[in-house]
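In what follows, chains carry the letters A, B, and so on, assigned in the order in which the sequence lines appear, proteins first and then strands, with residues in each chain numbered from 1. The figures here come from the full heavy-atom set of this structure, side chains too, leaving out hydrogens, waters and symmetry mates. Note that this is a predicted model, so its numbers are computed, not measured.
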Number of protein chains: 2
Amino acid sequence: MKPCDTQDTGTCQRISEMLSRIGDKWTLLIVRELGQGPLRFSALKRRLGSISQKMLTATLRNLERDGMVSRTVTPATPPQVEYALTAMGHDLFRPIAALAEWTITHADAIDAARQAYDGQRAA
Amino acid sequence: MKPCDTQDTGTCQRISEMLSRIGDKWTLLIVRELGQGPLRFSALKRRLGSISQKMLTATLRNLERDGMVSRTVTPATPPQVEYALTAMGHDLFRPIAALAEWTITHADAIDAARQAYDGQRAA
DNA sequence: CCGGATCCTCGACGATACTG
DNA sequence: CAGTATCGTCGAGGATCCGG
């Protein structure tokens with residue numbers, strides 16, 4: 001029932017690792033873009049706007065290594081590289097969407113809690 | 001359907017923020033412990049083993065500020081402080097459990113993808 | 001027992017310049 | 001176009017000491 005209660009420590013760390021990956025600065029945004037269809041490197045970079053090439057490359061490498069994203073090179077001049085979500089990558093959407101929905105429905109309550117907490121400290 | 005597709009940028013950032021919080025080094029482990037019942041500061045620290053007091057305090061403060069955890073002080077010598085999940089904190093379990101389940105069922109596929117990726121680079 | 005204050009280390013991330 | 005390499009910054013997190 002609970003995320004880790006019945007799991008051994010290794011499995012729990014695994015879950016935490018997954019959360020860290022998705023919770024990092026760019027993964028969610030990249031997966032979001034690719035969720036709408038394959039994109040080339042530059043197109044992806046343009047859509048994300050403020051990301052550096054370094055981080056885009058690194059994040060894509062991680063996603064590729066974990067089998068979430070496929071990388072297809074089309075030999076040409078200039079070269080073309082297309083990134084797309086794999087089946088597993090798409091699958092990942094479902095549980096993330098659940099967490100997203102939870103966050104949206106609780107956003108007001110969280111804000112209220114923060115204001116209450118901060119207000120109390122000012123006194 | 002998708003986590004952020006239909007959401008404005010602010011909401012998407014909100015979701016990312018939530019993922020970062022849960023994905024940080026200690027939050028999941030702490031929430032996991034408190035999910036089984038309230039605990040005092042030292043007991044929590046003992047259970048987590050390798051955490052520093054600083055990080056335990058900081059993480060608990062964040063959770064308290066967001067309304068996920070309640071902090072109850074019992075005046076005494078020595079002082080007693082008990083931490084417990086709030087209703088909202090318990091609620092958080094559900095979407096996290098979904099992600100945990102996903103991770104467990106795909107763990108083997110991810111491992112295989114990593115080995116394939118790493119193996120190819122060695123050549 | 002609880003937790004604040006301080007110092008230090010280290011990895012994430014960004015900016016820039018360079019290559020096939 | 002799609003990267004790699006290098007450098008610098010900054011904050012997360014650990015260790016330790018101190019106070020209520």
Side-chain angles (χ1 to χ4, degrees), chain A residues 13 16-31 33-34 37-66 69-84 117-118 120-123, chain B residues 13 16-31 33-34 38-66 69-84 117-118 120-122:
Chain A
Q13 286 177 339
S16 200
E17 177 194 355
M18 195 66 209
L19 280 162
S20 298
R21 175 70 30 99
I22 303 172
D24 74 6
K25 196 168 184 182
W26 298 108
T27 298
L28 183 61
L29 292 169
I30 291 175
V31 171
E33 293 296 338
L34 292 180
L39 284 173
R40 288 175 48 192
F41 187 88
S42 297
L44 201 44
K45 179 157 166 39
R46 232 172 297 119
R47 295 248 205 144
L48 295 170
S50 55
I51 194 174
S52 63
Q53 326 86 308
K54 177 184 174 180
M55 286 316 296
L56 181 53
T57 303
T59 308
L60 285 170
R61 285 288 174 280
N62 285 330
L63 288 169
E64 186 193 358
R65 191 171 105 97
D66 286 355
V69 157
S70 65
R71 179 174 180 271
T72 314
V73 181
T74 305
T77 48
Q80 295 195 356
V81 181
E82 202 173 64
Y83 291 93
Y117 183 89
D118 294 345
Q120 207 162 11
R121 304 226 98 198
Chain B
Q13 287 177 339
S16 200
E17 177 196 354
M18 195 66 209
L19 280 162
S20 299
R21 174 70 30 98
I22 302 172
D24 75 5
K25 197 167 182 183
W26 298 108
T27 298
L28 183 61
L29 292 169
I30 290 174
V31 170
E33 292 297 338
L34 291 180
L39 283 173
R40 289 176 49 192
F41 187 87
S42 296
L44 202 43
K45 180 157 165 41
R46 232 171 297 122
R47 295 250 204 143
L48 295 170
S50 56
I51 193 174
S52 63
Q53 328 86 307
K54 177 185 174 180
M55 288 315 296
L56 180 52
T57 303
T59 308
L60 285 169
R61 286 288 173 278
N62 285 331
L63 288 170
E64 187 193 357
R65 191 173 104 97
D66 287 353
V69 156
S70 65
R71 178 174 180 271
T72 313
V73 181
T74 305
T77 47
Q80 295 196 355
V81 181
E82 202 174 63
Y83 292 92
Y117 182 89
D118 293 346
Q120 208 163 12
R121 305 228 97 197

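Of all heavy-atom pairs between G23(B) and S20(A), the closest is O-OG, 2.6 Å. When all heavy atoms are compared, the tightest approach of D24(A) to S16(B) is O-OG, 4.2 Å.
L29(B) contributes atom CG, which lies 11.0 Å from atom CG of L34(B) (distance to the nearest 0.5 angstrom). Rounding to the nearest 0.5 Å gives a distance of 7.0 Å between OG1 of T57(B) and CD of Q53(B).
Each of R71(A), R40(A), E64(A) was checked for a side-chain hydrogen bond (donor to acceptor under 3.5 Å, both in side chains) with Y83(A), and the lone residue meeting it is R71(A). With respect to I30(B), the side-chain contact (heavy atoms from CB on, under 4.5 Å) criterion is satisfied by exactly one of L39(B), L63(B), N62(B): L63(B). Just one residue in the list K45(B), R47(B), R46(B) forms a salt bridge (charged side-chain N to carboxylate O under 4.0 Å, His left out) with E33(B), and that residue is R47(B).
If you find the closest nucleotide of DNA chain C to R40(B) and to T57(B), the one lying nearer the 5' end belongs to R40(B).
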Per-nucleotide protein contact string for nucleotides 11-20 of chain C (B base, S sugar-phosphate only, - none; heavy atom under 4.0 Å): --BBBBB--B
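Looking at heavy atoms from C-beta onward, S50(B) lies in side-chain contact with W26(B) at the 4.5 angstrom threshold. The side-chain heavy atoms of Y117(B) and D66(A), taken from C-beta on, include no pair separated by under 4.5 Å. For the pair I51(B) and L44(B), the minimum side-chain heavy-atom distance is 4.5 Å or more.
Interface limits on DNA chain D: the 5'-most and 3'-most nucleotides within less than 4.0 Å of chain B heavy atoms are dG13(D) to dG20(D).
The phosphate of dG3(C) has OP1 or OP2 within less than 4.0 Å of a side-chain N or O from R61(B).
Rounded to 10 degrees, the angle between the two end axes of the helix from dC1(C)-dG20(D) to dG20(C)-dC1(D) is 40°, with five pairs used at each end.
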